[in-house]
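This chain uses plain numbering: 1 for the first residue, then up along the sequence. Ligands are counted one by one from 1 in listed order, and the atoms in each one are counted from 1 as well.
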Amino acid sequence: MNIHEYQAKAILKAYGAPVAAGVAIFSPEEAEQAARQLGGPLWVVKSQIHAGGRGKGRFKELGPDAKGGVRLAKSVEEVVANAREMLGRTLVTKQTGPAGKQVNRLYIEDGADIARELYLSLLVDRTVGRVAFVVSTEGGMDIEQVAHDTPEKIVTLAIDPCTGVTAADAAKIADALKLEEPARGEMTKLADILYRAFTEKDMSLLEVNPLIVMKDGHLRVLDAKVSFDNNALFRHPDIVALRDKTEEDEKEIEASKYDLAYVALDGNIGCMVNGAGLAMATMDIIKLYGAEPANFLDVGGGASKEKVTAAFKIITADPNVKGILVNIFGGIMRCDTIAEGVVAAVKEVGLKVPLVVRLEGTKVEEGKRILNESGLDVVAANDLDDAAQKIVNAVKGAR
Ligand code: ADP
Ligand code: MG
């Protein structure tokens, strides 16, 4: 689960991290109030969407010459004028994709006098099985470029979970960031704060880009992007309360209601599969035959007919889906349950695209019989390879 920058900053502030004063707002009127409350003389108006690259992003409706999604303002009037221009508009950044995201809330923040922009993040480094700091002196808006062109400028430091961040770790981070006092001493505290926040709140990513050294020599967290481990959310009701569903894919929200493992993708072949491994293999083989999957969907073991019906409806509701592949290897999952779910869903919402079904395993004969007797226009497949070729050909033929 992702949260907004201002929410992430509130969490980090509670842990004692240096963040600027700021107010989240939904209307120009609230923007004026916030600007007066903060007092100036410099404000920053920041689009709150679940995507980075806002500074360099552009509003679809305003054209390439208008300012981006993070704007400096030098008066209350300027704050309000920017808020009016930004609210309700669609911001397109490198991370939103071409469709962009509607900006429904803004964060009005005290402006900082920036001397240096640094990069700092924490993530779970799977190769060493530890939480690691990733830091670079080249922070700001182009870290992806730095990683690509000059990867030696990015330093990774894994933390021993038994000790947490040690003085030696903090010194290494400060050295890598070329920090001098007072920022150097502040980094020791901040590294510990960020590590504790990350582990205690079960984050999967905490990215501060930029972390800045201000003209007065102090450190400040200027941007914050946080993702949480969904599997640990049950123990953080305070975090769940921060969820902004308007930022999420509707199909994924619907899927989460039924506890389906679903991820929307860009292709046009909808997949309904049981088991994550088989789902991955199904996506691979679709690609092998020259098409792209529209989703990853694992209905899981022992899913009910209702769950299968919901899953099939989510797939058919996606306008990008030009064909559906049902690929089930029945173990605990029964093929007849899958067939019943598919038939029930089609009865409700119809079927406008080709459907290829490959069933194998528990109750396979019943499953096939249910599909045959339903009168549905189903293309039966013998194995995974056959199924993938059939659906890819069907979709290509439809174009
Ligand atoms: P994004 O990463 O989505 O582009 P950031 O929060 O990193 O958004 O802001 C982009 C840039 O805007 C920063 O690199 C910094 O130069 C500037 N900026 C952001 N917040 C402030 C602030 N409070 N004061 C001064 N400049 C800021
Ligand atoms: Mg940033």
Side-chain angles (χ1 to χ4, degrees), residues 2-13 17-25 31 34-35 37-60 64 66-76 78-79 82-83 86 89-97 100-123 134-147 154 177 194 205-227 244 247:
N2 298 322
I3 57 173
H4 290 292
E5 172 199 1
Y6 77 94
Q7 297 167 325
K9 282 180 170 171
I11 293 173
L12 297 181
K13 192 172 186 174
V19 302
V23 184
I25 60 101
Q37 187 185 322
L38 291 169
L42 186 64
W43 295 262
V44 184
V45 184
K46 310 186 76 174
S47 308
Q48 298 298 294
I49 54 171
H50 286 184
R54 298 162 299 166
K56 294 211 160 161
R58 286 293 177 267
F59 287 96
K60 231 180 194 173
K67 284 189 274 176
V70 175
R71 300 178 174 188
L72 289 174
K74 293 195 170 126
S75 67
V76 172
E78 240 186 288
V79 170
N82 279 306
M86 295 161 79
R89 296 266 150 81
T90 313
L91 185 60
V92 180
T93 81
K94 271 190 183 162
Q95 293 183 14
T96 60
K101 284 199 157 182
Q102 194 177 43
V103 175
N104 298 318
R105 46 183 115 179
L106 299 170
Y107 190 45
I108 316 291
E109 190 179 56
D110 265 340
D113 275 331
I114 303 174
R116 295 170 61 209
E117 298 204 7
L118 312 170
Y119 178 89
L120 184 151
S121 66
L122 280 94
L123 45 77
V134 179
V135 299
S136 174
T137 50
E138 311 302 304
M141 296 196 261
D142 283 314
I143 192 65
E144 286 83 3
Q145 204 63 39
V146 176
I154 296 179
L177 293 175
L194 297 179
L205 175 73
L206 165 53
E207 186 180 55
V208 178
N209 185 30
L211 170 70
I212 59 161
V213 182
M214 293 188 288
K215 295 237 169 84
D216 63 9
H218 291 286
L219 280 184
R220 183 176 279 179
V221 169
L222 210 68
D223 188 10
K225 193 173 171 202
V226 171
S227 307
D244 178 0
E247 290 286 330

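- Ligand 1 does not have A20 within reach: every non-hydrogen atom of the residue lies 4.0 Å or more from it.
- Protein heavy atom at the shortest distance from atom 10 (C) of ligand 1 is M141 SD, 3.8 Å.
- Protein heavy atom at the shortest distance from atom 14 (O) of ligand 1 is E117 OE1, 2.8 Å.
- Distances shorter than 4.0 angstrom occur between a heavy atom of D110 and an atom of ligand 1.
- Set against the non-hydrogen atoms of G52, the atoms of ligand 1 under 4.0 Å away are 3 (O).
- The protein heavy-atom contact nearest to atom 2 (O) of ligand 1 is D223 OD2, 3.0 Å.
- For N209, every heavy-atom contact with ligand 1 shorter than 4.0 Å involves the backbone, none the side chain.
- Looking only at heavy atoms of the protein, atom 26 (N) of ligand 1 is closest to I114 CD1, 3.6 Å.
- Atom OD2 is the N, O or S atom of D223 at the shortest distance from the Mg ion (ligand 2).
- Sorted by first and then second residue, the pairs that involve residues 134-143 and meet side-chain hydrogen bond (donor to acceptor under 3.5 Å, both in side chains), not counting sequence neighbours, are K56-D142.
- An N or O contact shorter than 3.5 Å is missing between L72 and ligand 1 by distance.
- Regarding atom 27 (C) of ligand 1, its nearest protein heavy-atom neighbour is L222 CD2, 3.4 Å.
- Of all protein heavy atoms, the one lying nearest to atom 8 (O) of ligand 1 is R54 NH2, 3.1 Å.
- Checked for salt-bridge contact, K94 and E144 miss the test: no charged N lies under 4.0 Å from a carboxylate O.
- If you check which protein heavy atom lies closest to atom 6 (O) of ligand 1, you get K46 NZ, 2.6 Å.
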